[in-house]
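Reckoned from all heavy atoms, side chains included, excluding hydrogens, waters and symmetry mates.
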Amino acid sequence: MNKIIRDAFKQFGTDIREAWRGIRRRGPSQFQFWLIALFIGISGGFAALLFRKSITALQAVVYGANGPHGVVDAAAALPWYLLLIIPIIGGLLVGIILHNFTPDGRVRSVADVIEGAALHDGRVEKRAGLASACASLITLSTGGSTGREGPVVHLAGVISTWVSNRFHAGGVTGRELLGCAVAAAVSASFNAPIAGAIFALEVVLRHFAVHAFAPIAIAAVAGTVVSRLEFGNVPEFNLAREGELAFYVELPAFLILGVMCGLIAVFMMRSIFWADNVGSWVQGRVGFPRWLRPAISGAMLGVIAIWFPHVIGVGMETTSGALSGTLLLREAIIFVIIKGIATAITMAGRMGGGVFGPAMMVGALSGLAFGIIATSILPEVSGSHTLYALAGMGAVGGAVLGAPISTTLIVFELTGDWQTGLAVMVAVSISTLISSRMVNHSFFLTQLENRDVHLAAGPQAYVLQMQSTSSAMRAPEVVTEGEMQTATDMMKTGQCLIEHSTLEQALPMFDRLNTPFIPVIRHDDAEGETSVVGVLFHIDALKAYNRALSAVAAEEHS
């Protein structure tokens with residue numbers, strides 16, 4: 001009997017190893033892929049849960065906070081010098097971590113995940129990603145004024161990258177696994193499974209292919225289950241229900257709110273980029289080391305926190321106060337300004353964290369201020385001013401993310417209030433429409449544009465960055481002698497391409513030179529010589545471009 005059991009376990013182990021070798025060799029079947037999506041969903045959910053619990057635990061140690069909604073009161077009770085010192089120490093630790101474990105001292109976040117999905121077969125940087133998660137954890141626990149969704153999304157991307165590398169997943173499979181990880185992380189972070197799945201499709205993959213929906217939905221549900229086992233099926237915020245929405249009468253007000261929130265979102269995004277440029281300029285002029293930059297920002301945040309501890313961390317307590325209507329008009333306006341300044345300082349200091357949490361807080365406060373004014377002007381035909389706070393939270397958040405669908409769903413699932421859906425949709429759509437015309441569609445895509453990564457224009461722009469000239473060029477032995485002589489002459493006059501250049505550089509050169517081909521050269525540093533290693537013909541470059549576009553279209557419409 002024991003021999004039979006041992007043989008059965010031995011055969012089971014053999015079958016598992018054979019199945020794993022088959023997955024690595026041929027790729028997973030549909031059923032296997034769904035199981036992998038489930039594993040990634042559970043892993044992403046636990047990553048988000050661990051990150052969130054770690055922030056709460058560290059805030060309890062550093063500030064004596066009793067939960068994420070008690071940071072403001074706990075910080076207000078501390079001596080002023082502790083409020084000043086804590087962010088400085090946190091910034092110093094962040095700077096040391098990023099200096100030693102990232103090549104550029106920059107925190108990885110949602111923009112890098114979007115870039116990984118578009119340009120790197122669904123992969124993100126693992127070492128820099130783990131360092132960024134640690135840095136963001138310290139930032140949010142020691143006075144930084146950002147959100148937790150950015151580092152959680154990238155941390156989930158690290159998990160999916162590890163899985164993709166384990167069985168050599170191709171581009172399509174790698175991107176879908178990355179989408180699964182993002183969906184699970186967002187779902188667990190916000191307790192919002194529908195929004196998490198749509199966020200992965202709308203923001204990261206940037207398409208709604210049918211074949212990607214099932215595994216992403218599985219991962220989103222798995223991540224939500226992990227979160228709800230810990231926190232229960234309760235909304236993040238509780239709304240005050242002191243009046244119902246008189247929608248048809250108030251519709252113009254929500255349209256105006258959408259316009260205002262769109263402009264606020266643009267100002268918020270541009271202030272962050274401006275502050276980052278100023279920080280880099282000051283660093284270059286003064287010459288202080290990059291590891292000191294977060295500590296300097298921490299000192300500035302500490303000064304603000306002495307008078308306004310509301311800027312510390314994600315800002316759940318203040319956002320909840322806006323949605324419940326417990327804040328006054330003057331408080332709402334002041335907190336919008338202070339939170340915007342604190343977020344810009346944190347991001348410019350390269351301290352870590354995401355931008356969606358601050359955008360939600362700024363939006364809720366802006367909506368509350370607008371609602372207090374609007375309902376006081378026409379009280380007899382107005383609903384609750386907290387409904388404007390809810391719509392404002394979605395409007396600014398959606399404009400910053402460039403994701404009106406998933407942001408609307410996140411707002412619904414965060415609050416558990418589905419009766420104000422039309423008002424939220426109106427405000428979100430208007431604000432997103434306005435902001436997308438004034439920035440490159442979203443905060444993340446604008447970040448990438450500032451790094452010369454052109455994803456905002458769509459596949460017709462970024463696939464050129466993915467195609468190297470060496471993959472489309474013809475070898476010297478297959479071109480005619482006359483063409484080779486012409487290529488050599490062109491090289492001598494500087495009319496040539498470097499071996500590892502891309503079609504992004506090649507196609508404009510064809511238009512400028514009006515020539516049928518361009519030589520591709522290689523520099524030999526040891527010998528100090530330059531040689532022609534191939535010839536790129538215009539027709540071959542266009543064919544490669546067309547094949548790449550066809551592959552993207554096939555993936556997006558499958």
Side-chain angles (χ1 to χ4, degrees), residues 55 59 63 65 68-73 75-76 83 87 136 139-150 236-237 260-276 297-298 300-349 351-372 388-401 407 411 414 431 435 443:
I55 293 173
Q59 285 179 338
Y63 290 104
H69 290 268
V71 179
V72 174
D73 292 336
L83 293 177
S136 297
T139 294
L140 291 168
S141 304
T142 58
S145 188
T146 49
R148 62 173 182 250
E149 82 296 328
E236 186 75 41
F237 304 107
M260 185 190 78
C261 287
L263 296 175
I264 289 174
V266 171
F267 182 79
M268 181 179 180
M269 288 185 279
R270 288 185 174 178
S271 67
I272 291 173
F273 296 129
W274 177 82
D276 185 75
S297 291
M300 299 170 68
L301 291 171
V303 172
I304 296 175
I306 293 173
W307 288 277
F308 299 99
H310 310 78
V311 303
I312 294 173
V314 178
M316 288 294 182
E317 188 173 353
T318 307
T319 305
S320 181
L323 294 176
S324 60
T326 58
L327 299 178
L328 302 176
L329 174 62
R330 181 177 62 86
E331 293 176 319
I333 295 174
I334 291 175
F335 291 162
V336 165
I337 298 171
I338 297 300
K339 184 64 176 180
I341 294 173
T343 301
I345 291 173
T346 307
M347 301 290 282
M351 295 185 71
V355 73
F356 187 46
M360 289 173 56
M361 177 175 167
V362 168
L365 292 167
S366 301
L368 177 65
F370 182 91
I372 292 174
Y388 290 90
L390 174 63
M393 181 172 71
V396 175
V400 170
L401 264 66
T407 303
V411 171
L414 277 177
S431 67
S435 66
F443 176 81

Please test Thr318 against Leu327 for side chain to side chain contact (heavy atoms under 4.5 Å, CB included), starting from the C-alpha separation and ending with a verdict.
-> CA-CA 9 Å; Thr318 307; Leu327 299 178; 4.2 Å; yes
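- The heavy-atom pair separating Met268 from Ala359 by the smallest distance is CE-N, 3.7 Å.
- Side-chain atoms of Ser320 never come within 3.5 Å of backbone atoms of Met316 as a donor-acceptor pair (strictly under, hydrogens ignored).
- The two residues Cys261 and Gly392 come nearest to each other via the heavy atoms SG-CA, 3.8 Å.
- Shown here are the side chain to side chain contact (heavy atoms under 4.5 Å, CB included) partners of Ala344, two or more places apart in sequence or in another chain: Ser271, Ile272, Ala275.
- Using the six-membered ring where Trp is involved, Phe308 and Phe335 have ring planes that are perpendicular, over 60° apart on the 30 and 60° scheme.
- Among all heavy-atom pairs drawn from Asp73 and Glu317, the shortest one is OD2-OE2, 3.5 Å.
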Give the C-alpha distance, both sets of side-chain angles, the deciding distance and a yes or no for side chain to side chain contact (heavy atoms under 4.5 Å, CB included) between Ile338 and His310.
-> CA-CA 9 Å; Ile338 297 300; His310 310 78; over 6 Å; no
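- You'll find the ring centres of Phe356 and Phe443 outside the 6.0 Å limit.
- Listed for the Thr146 side chain is a donor-acceptor partner under 3.5 Å among the backbone atoms of Gly352.
- The nearest pair of heavy atoms linking Pro358 to Gly147 is CD-N, 3.5 Å.
- Judged by distance alone, the side chain of Thr407 and the main-chain N or O of Gly394 form no donor-acceptor pair under 3.5 Å.
- Not counting sequence neighbours, the partners of Leu328 by the side chain to side chain contact (heavy atoms under 4.5 Å, CB included) test are Glu331.
- Qualifying side chain to side chain contact (heavy atoms under 4.5 Å, CB included) partners for Ala389, counting only residues two or more places apart in sequence or in other chains: Leu323, Leu368.
- For the atom pair Ser366 OG and Met393 CE, the distance stands at 12.5 Å (nearest 0.5 Å).
- Expressed to the nearest 0.5 Å, how far CD1 of Ile341 lies from CG of Leu301 amounts to 11.0 Å.
- The salt bridge (Lys or Arg N to Asp or Glu O under 4.0 Å) pairs that include a residue from residues 266-276 are Asp276-Arg293, Asp276-Arg350, where partners are two or more places apart or lie in different chains.
- Looking at residues two or more places apart in sequence or on another chain, you find a side chain to side chain contact (heavy atoms under 4.5 Å, CB included) between Met300 and Ile345.
- Distance check: Leu401 CG to Glu149 CD gives 7.0 Å after rounding to the nearest 0.5 Å.
- Ser431 approaches Ala399 most closely through the heavy-atom pair O-CB, 3.9 Å.
- Taking CD1 of Ile337 as the reference point, atom CG of Leu365 lies at 11.0 Å (rounded to 0.5 Å).
- Listed by first then second residue, pairs satisfying side-chain hydrogen bond (donor to acceptor under 3.5 Å, both in side chains) with a partner in residues 338-347 read Ser145-Lys339, not counting sequence neighbours.
- Between Ala75 and Tyr63, the shortest heavy-atom contact is CB-CD2, 4.1 Å.
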